[in-house]
2 protein chains.
Amino acid sequence: MNTKTTLLNSAEDLVRSRGFDGFSYSDLATQVGIRKASIHHHYKTKADLSLALITRYRGVFMERLAEISAQEPRASGRLLSFLDLYRDAMRGGRSLCLCVAFSVTQTALPKDSTAQLEGFHADVAQWLETVFRLALHDGTLRGVTTPRAEAHAALATVEGAQIMARAAEDATRFEAAIDTLRARAI
Amino acid sequence: MNTKTTLLNSAEDLVRSRGFDGFSYSDLATQVGIRKASIHHHYKTKADLSLALITRYRGVFMERLAEISAQEPRASGRLLSFLDLYRDAMRGGRSLCLCVAFSVTQTALPKDSTAQLEGFHADVAQWLETVFRLALHDGTLRGVTTPRAEAHAALATVEGAQIMARAAEDATRFEAAIDTLRARAI
DNA sequence: CTCAGTATACCAAGTAGTAGGCAAATACCG
DNA sequence: CGGTATTTGCCTACTACTTGGTATACTGAG
């Protein structure tokens with residue numbers, strides 16, 4: 001496989017398990033099996049790497065959401081699949097989904113990267129809003145009133161749930177926090 | 001004032017605005033106006049500092065919750081005051097509440113510190129559970145069914161909302177994500 | 001013969017933490 | 001009380017190490 005994508009895959013793994021500040025080019029180098037300096041050939045700076053990671057993830061994730069929309073006609077099915085997506089990304093509490101891992105990064109990412117991240121959040125919130133809006137018509141989710149507000153709330157909840165689960169290294173924390181959302185499916 | 005508590009105050013500020021990994025003893029030293037090595041006299045290692053921070057915060061925060069319980073007899077009032085507590089801690093999107101800032105820390109904190117953090121989360125979840133349980137009787141919150149699950153969900157939501165607001169450097173994101181919780185007060 | 005990909009060898013800056021000294025406050029004791 | 005020991009709080013100066021990044025040379029395939 002392409003070294004460049006191998007690097008991206010390994011880097012994604014590292015970001016999600018240890019955070020963007022939690023790994024160095026040195027770590028990445030040993031994991032991939034080339035020398036540290038060689039990474040710079042593919043991703044000139046760590047900032048460049050961050051941008052490549054977020055951009056790819058955004059694309060892949062939005063594709064997944066599109067698949068869900070295609071396969072699940074009902075609002076309830078879409079919401080449950082969405083929750084599964086976030087749950088699976090956790091790999092049992094030792095990992096975060098990439099967008100959470102980056103949202104949580106403390107060091108200043110370059111402008112491009114934060115823009116991608118914001119765009120990603122906006123896209124997901126938008127998608128969720130359409131789900132709740134659909135629920136107003138198909139009635140497969142309990143107690144929906146304001147789709148836009150509910151979308152933001154749901155996104156915050158899954159992200160917060162991931163963080164709490166990772167902090168406790170206990171994946172069931174995620175489930176506990178998500179239960180009320182799941183229970184809304186009819 | 002005591003240098004030791006001045007250090008703790010400044011450190012809390014730094015953790016909340018830049019993360020525990022985002023500041024060094026050197027930063028803290030210049031902010032307080034003593035030399036880096038002198039900090040080690042008060043807090044032997046950065047791990048010790050983390051423990052002191054979390055322990056103090058846990059105490060103060062639980063006191064606040066107790067005050068709320070004392071002043072607000074109704075579940076709705078308690079929930080709204082709780083949300084205000086988290087909103088105020090954000091200082092307009094540039095800061096996190098300390099427990100979120102630590103939950104989000106990627107480097108391995110010492111065992112004592114993570115234990116305090118988990119205890120803190122458990123305490124807050126417990127407090128929220130009693131609020132929702134109260135709501136079952138006084139009826140001042142809409143749509144309460146399972147207090148325990150709702151407590152975990154609410155906690156995840158406020159934590160996630162803080163993170164999204166900070167990532168976007170936009171405090172209104174917090175409000176947007178919290179709106180559905182706020183709207184449940186009768 | 002070029003050039004992408006890798007390597008060796010380095011750098012400047014920053015990290016947590018240590019060693020040891022020095023002055024002022026405090027405690028102990030005759 | 002007076003004087004001696006001890007502690008407190010801070011300092012300068014350092015170590016040992018990691019970080020992201022650079023300069024430059026080698027290698028092999030097209």
Side-chain angles (χ1 to χ4, degrees), chain A residues 1-56 101-102 104-114 116-117, chain B residues 1-56 101-102 104-114:
Chain A
M1 197 197 316
N2 193 343
T3 304
K4 193 160 185 170
T5 53
T6 305
L7 281 168
L8 214 53
N9 292 341
S10 278
E12 180 173 328
D13 230 73
L14 286 166
V15 172
R16 289 172 56 179
S17 57
R18 291 155 56 177
F20 187 69
D21 313 326
F23 77 98
S24 68
Y25 263 29
S26 178
D27 298 326
L28 182 56
T30 56
Q31 185 159 317
V32 169
I34 62 175
R35 298 292 150 172
K36 181 172 73 89
S38 307
I39 303 177
H40 287 281
H41 175 74
H42 298 282
Y43 301 99
K44 211 162 168 42
T45 70
K46 215 184 169 190
D48 291 342
L49 178 63
S50 78
L51 181 60
L53 282 168
I54 300 178
T55 306
R56 183 178 76 162
F102 269 116
V104 138
T105 297
Q106 312 272 12
T107 55
L109 296 171
K111 272 267 159 69
D112 323 1
S113 300
T114 56
Q116 279 287 333
L117 192 60
Chain B
M1 198 196 318
N2 194 342
T3 304
K4 194 160 184 171
T5 53
T6 305
L7 280 168
L8 214 53
N9 292 340
S10 277
E12 181 174 327
D13 230 74
L14 285 166
V15 173
R16 291 173 55 180
S17 57
R18 291 155 57 177
F20 187 70
D21 313 325
F23 77 98
S24 67
Y25 262 30
S26 177
D27 298 326
L28 182 55
T30 55
Q31 185 159 316
V32 169
I34 63 175
R35 299 292 148 170
K36 180 173 72 88
S38 307
I39 302 177
H40 287 281
H41 173 75
H42 298 282
Y43 301 100
K44 210 161 168 43
T45 69
K46 215 184 168 190
D48 290 342
L49 178 61
S50 78
L51 181 59
L53 281 169
I54 300 177
T55 307
R56 184 179 73 162
F102 269 116
V104 137
T105 297
Q106 312 274 13
T107 55
L109 295 171
K111 272 266 159 68
D112 323 359
S113 299
T114 56

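In what follows, every chain begins at residue 1, and chains take the letters A, B, ... in the order their sequences are listed.
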Between [X] and [N], is there a side-chain N or O to OP1/OP2 distance below 4.0 Å?
{"X": "A:Ser24", "N": "D:dT19", "result": "yes"}
{"X": "B:His42", "N": "D:dT8", "result": "no"}
{"X": "A:Thr3", "N": "C:dT6", "result": "yes"}
{"X": "A:His41", "N": "C:dG5", "result": "yes"}

**Prompt:** For B:Phe23, which contact category applies under a 4.0 Å heavy-atom criterion: base, sugar-phosphate, or nothing?
**Reply:** sugar-phosphate

**Request:** Would you indicate what A:Ser38 reaches in the nucleic acid, counting non-hydrogen atoms under 4.0 angstrom: base, sugar-phosphate, or nothing?
**Result:**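 Base contact.
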
**Message:** Can a donor-acceptor pair be found, under 3.5 Å and without considering hydrogens, that links the side chain of B:Tyr25 to the backbone of B:Ser38?
**Reply:**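 Looks like no, no N/O pair under 3.5 Å.
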
**Asked** Can you find a donor-acceptor N/O pair under 3.5 angstrom joining the side chain of A:Lys36 to the base of D:dG21?
**Response** yes

[N] [atom2] sits how many Å from [X] [atom1], rounded?
{"X": "B:Arg35", "N": "C:dA23", "atom1": "CZ", "atom2": "P", "answer": "17 Å"}
{"X": "B:Lys44", "N": "D:dC10", "atom1": "NZ", "atom2": "C1'", "answer": "15 Å"}
{"X": "A:Arg18", "N": "D:dT18", "atom1": "CZ", "atom2": "P", "answer": "13 Å"}
{"X": "B:Asp21", "N": "D:dT18", "atom1": "CG", "atom2": "C1'", "answer": "14 Å"}
{"X": "A:Leu49", "N": "D:dG20", "atom1": "CG", "atom2": "P", "answer": "10 Å"}
{"X": "B:Lys4", "N": "D:dG9", "atom1": "NZ", "atom2": "P", "answer": "8 Å"}
{"X": "A:Leu7", "N": "D:dG20", "atom1": "CG", "atom2": "P", "answer": "14 Å"}
{"X": "A:Ile39", "N": "D:dT19", "atom1": "CD1", "atom2": "P", "answer": "12 Å"}

**Request:** Return the minimal non-hydrogen interatomic distance between B:Ile39 and B:Ala29, and the atom names on each side.
**Result:**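 So the minimum-distance heavy-atom pair works out to CD1-N, 3.6 Å.
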
**Message:** Return the CG to NE2 distance between B:Leu7 and B:His41, rounded to the nearest 0.5 Å.
**Reply:**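 The NE2 atom of B:His41 is 10.5 Å from CG of B:Leu7, to the nearest 0.5 Å.
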
**Message:** For the residue pair A:Thr6 / A:Asn9, report whether a side-chain donor-acceptor contact shorter than 3.5 Å exists.
**Reply:**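 Side chains of A:Asn9 and A:Thr6: no pair found under 3.5 Å.
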
**Item:** Nucleotide of D:dC10, C:dT6, C:dT18 approaching B:His40 most closely (side-chain heavy atoms)
**Value:**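 From the listed options, C:dT18 comes nearest.
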
**Prompt:** Are side-chain heavy atoms of B:Ser50 and B:Phe20 found at a separation under 4.5 Å?
**Reply:**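 The answer is yes, as the side chains (C-beta and beyond) meet within the 4.5 Å cut-off.
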
